[in-house]
There are 2 protein chains.
Amino acid sequence: MSPDHDHPRPALTVDCVVFAIGDDGLEVLLIERDHEPFAGSWALPGGFVEMDENLESAARRELEEETGLTDVFLEQLYTFGATDRDPRGRVVSVAYYALVDRAHAHLAADSDAAAVDWHSVAALPGLAFDHREIVAAAHERLRGKVRYAPLGFELLPRHFTLTQLQRIYEVILDSALDKRNFRRKILAMGLLVDTGKLQRGVAHRAPRLYRFDRRRYKQLERDGFSFWL
Amino acid sequence: MSPDHDHPRPALTVDCVVFAIGDDGLEVLLIERDHEPFAGSWALPGGFVEMDENLESAARRELEEETGLTDVFLEQLYTFGATDRDPRGRVVSVAYYALVDRAHAHLAADSDAAAVDWHSVAALPGLAFDHREIVAAAHERLRGKVRYAPLGFELLPRHFTLTQLQRIYEVILDSALDKRNFRRKILAMGLLVDTGKLQRGVAHRAPRLYRFDRRRYKQLERDGFSFWL
DNA sequence: CCGTCTTAGTGTGATGTCTACACCTTGCGA
DNA sequence: TCGCAAGGTGTAGACATCACACTAAGACGG
């Protein structure tokens with residue numbers, strides 16, 4: 001029994017805005033489209049939702065198929081449904097954004113795409129569909145949410161230095177932060193654990209490595225604590 | 001040319017969580033369903049998206065058809081797509097939340113609904129589909145966002161007293177606020193204009209009426225100001 | 001092995017923000 | 001005109017934020 005058997009339905013897709021921090025600041029993962037429409041253009045990884053999978057599963061599946069990425073931080077962003085956003089007809093797209101550690105994200109282009117690559121958010125190429133608008137919405141969400149949710153850690157490896165973490169915030173918030181104030185504040189939250197290890201192989205004094213204590217964060221959150229940078 | 005002509009599509013609906021402040025605190029507008037599934041249950045106003053309307057238009061249309069409400073503050077909340085959320089088959093729903101002034105919202109039940117009425121969020125009846133989950137998500141969004149966006153004003157008439165405004169925040173944040181501190185802070189933002197009028201017909205000293213200066217807010221926002229309560 | 005280079009790591013004082021708190025004023029209605 | 005109920009107002013102490021500069025340690029090259 002169909003809910004509206006005599007009723008035409010929009011097609012439903014998911015799209016993923018994958019962010020990472022690179023040498024050029026904030027970057028987004030794009031694929032080069034192989035097929036029409038917009039063959040040859042860069043676009044967000046994504047595709048049609050299957051009938052037997054929920055939306056987040058569809059986003060994760062498409063992401064893995066088109067870029068090789070798995071086990072990433074992924075959160076629903078917004079649903080885009082302008083009637084003219086796809087030249088093929090009515091297509092509504094549920095957009096997600098993901099955060100990954102660029103250095104540890106090993107990419108694998110898929111048959112549907114000619115290429116997969118990182119692009120600086122500050123200098124995007126022309127994008128297919130309304131994908132530029134989707135990236136802009138994701139960027140804004142990231143800027144807003146990074147201050148009150150522990151998102152920064154998702155862009156780093158499990159063990160990281162405070163300087164690396166500070167750089168994440170400086171890139172996302174697009175402003176310089178004071179080293180001493182930053183360290184004091186972030187350590188005062190009690191969410192970072194000193195692993196006791198030092199970063200090796202750098203041509204200067206070796207910095208301490210920390211990790212984010214997710215368990216403790218969830219605990220504190222339940223008790224009414226809120227992350228604030 | 002269909003984007004996926006041989007591909008089955010989920011049905012697509014919109015649902016609206018309409019909030020207002022009533023005597024019992026935060027309230028939500030529900031309709032009593034006339035038809036199966038869930039005939040007789042309370043549910044959120046909503047319905048199927050037409051092929052030639054965008055998502056927000058669909059939400060506004062359904063809201064007007066089922067409750068009579070027009071010109072409300074409306075913002076997209078989240079898209080719910082669990083495969084089993086509708087017993088009729090695969091239905092994905094884009095949820096919106098709306099804020100209205102309960103005193104000035106004149107309701108008109110529609111043919112699709114046996115009744116339309118306000119219900120305290122603290123004591124909801126059993127709801128159809130996953131609508132309880134949707135209300136919970138909307139409630140959480142409202143609690144979070146009311147602190148950094150000027151949403152409170154949407155729940156009041158154009159002209160309001162500071163005590164009315166304070167009550168809005170107390171109800172939503174579920175905590176008592178200090179009168180002097182609240183007034184100082186909210187007036188310091190420079191977003192309220194004293195209309196020069198007084199509220200009449202109350203059995204005590206007549207309070208001043210203010211209005212929210214939307215134009216000035218947009219101006220300040222562009223200049224990097226951010227609302228904060 | 002010594003010097004140089006580069007980033008790590010650390011404390012304080014001044015300034016602004018937040019919090020807690022109590023009383024007089026005003027308008028209405030009895 | 002008296003009582004009632006909410007309106008409207010200031011200050012001091014605690015706390016958080018900001019600006020700011022030097023020494024420490026490790027790597028590398030000569």
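Atom set for the values below is all heavy atoms of this structure, side chains included, hydrogens, waters and symmetry mates excluded. In this text, all values refer to a predicted model and were calculated from it rather than measured experimentally. Numbers restart at 1 for each chain; the letters A, B, ... are given by sequence-line order, proteins then strands.
Aromatic rings of B:Phe153 and B:Phe160 (six-membered ring for Trp) have centroids within the 6.0 Å cut-off, being under it.
Put simply, CZ on B:Arg167 is 13 Å from P on D:dG7, counting in whole angstrom units. For B:Gln199 and C:dT26, the CD to C1' distance is 14 Å, given to the nearest whole Å. A:Arg208 places its CZ atom 16 Å from the P atom of D:dA24, with the value rounded to the nearest Å. In this structure, CZ of B:Phe182 is placed 16 Å from P of C:dA20, rounded to the nearest angstrom. Distance CZ (B:Arg180) to C1' (C:dT19): 11 Å, rounded to an integer number of Å. Distance CG (A:Leu177) to P (D:dC20): 15 Å, rounded to an integer number of Å. In this structure, B:Lys179 places its NZ atom 14 Å from P of D:dA5, rounding to the nearest Å. Distance CG (B:Leu229) to P (C:dT17): 15 Å, rounded to an integer number of Å.
Formation of a donor-acceptor pair under 3.5 Å by the B:Glu170 side chain with backbone atoms of B:Leu177 is found in this model. A:Glu62 contributes no side-chain N or O that, together with a main-chain N or O of A:Ala59, makes up a donor-acceptor pair within less than 3.5 Å.
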Dump every N/O contact between nucleotides 27-30 of chain C and the protein below 3.5 Å, one line per pair.
residue	atom	partner	partner atom	Å
C:dG27	N2	B:Ala203	O	3.3

Problem - B:Leu124/B:Val135 under side chain to side chain contact (heavy atoms under 4.5 Å, CB included): CA gap, chis, key distance, verdict - result: CA-CA 10 Å; B:Leu124 289 178; B:Val135 172; 3.9 Å; yes
Exercise for the section: In sequence, state the C-alpha distance, the side-chain angles, and the governing distance for B:Tyr96 and B:Glu56, and then conclude on side chain to side chain donor-acceptor pair (under 3.5 Å). Expected result: CA-CA 8 Å; B:Tyr96 282 77; B:Glu56 183 174 325; 5.4 Å; no
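For the pair A:Thr163 and C:dA8, the criterion of a side-chain N or O lying under 4.0 Å from OP1 or OP2 is met.
With the nearest nucleotide of DNA chain C identified for both A:Pro207 and A:Asn181, A:Pro207 has the one nearer the 5' end.
Below 30°, between 30° and 60°, or above 60°: for B:His131 and B:Phe129 the angle between ring planes is between 30° and 60°, a tilted geometry. Between A:Tyr169 and A:Phe182, the two ring planes are tilted [angle within 30° to 60°].
Atom CG of A:Asp194 sits in a crowded spot, with more than 12 heavy atoms from other residues, nucleotides or ligands closer than 6.0 Å.
Listed by residue number, the members of residues 185-193 of chain A with any heavy atom below 4.0 angstrom from DNA chain C form an empty set.
Using a 4.0 Å heavy-atom criterion, one finds that A:Arg183 contacts the bases of the nucleic acid, with or without backbone contacts as well.
For D:dT11, its base sits under 3.5 Å from the side chain of B:Arg184 at one donor and acceptor pair at least.
Of all heavy-atom pairs between A:Arg85 and A:Asp130, the closest is NE-OD2, 2.7 Å.
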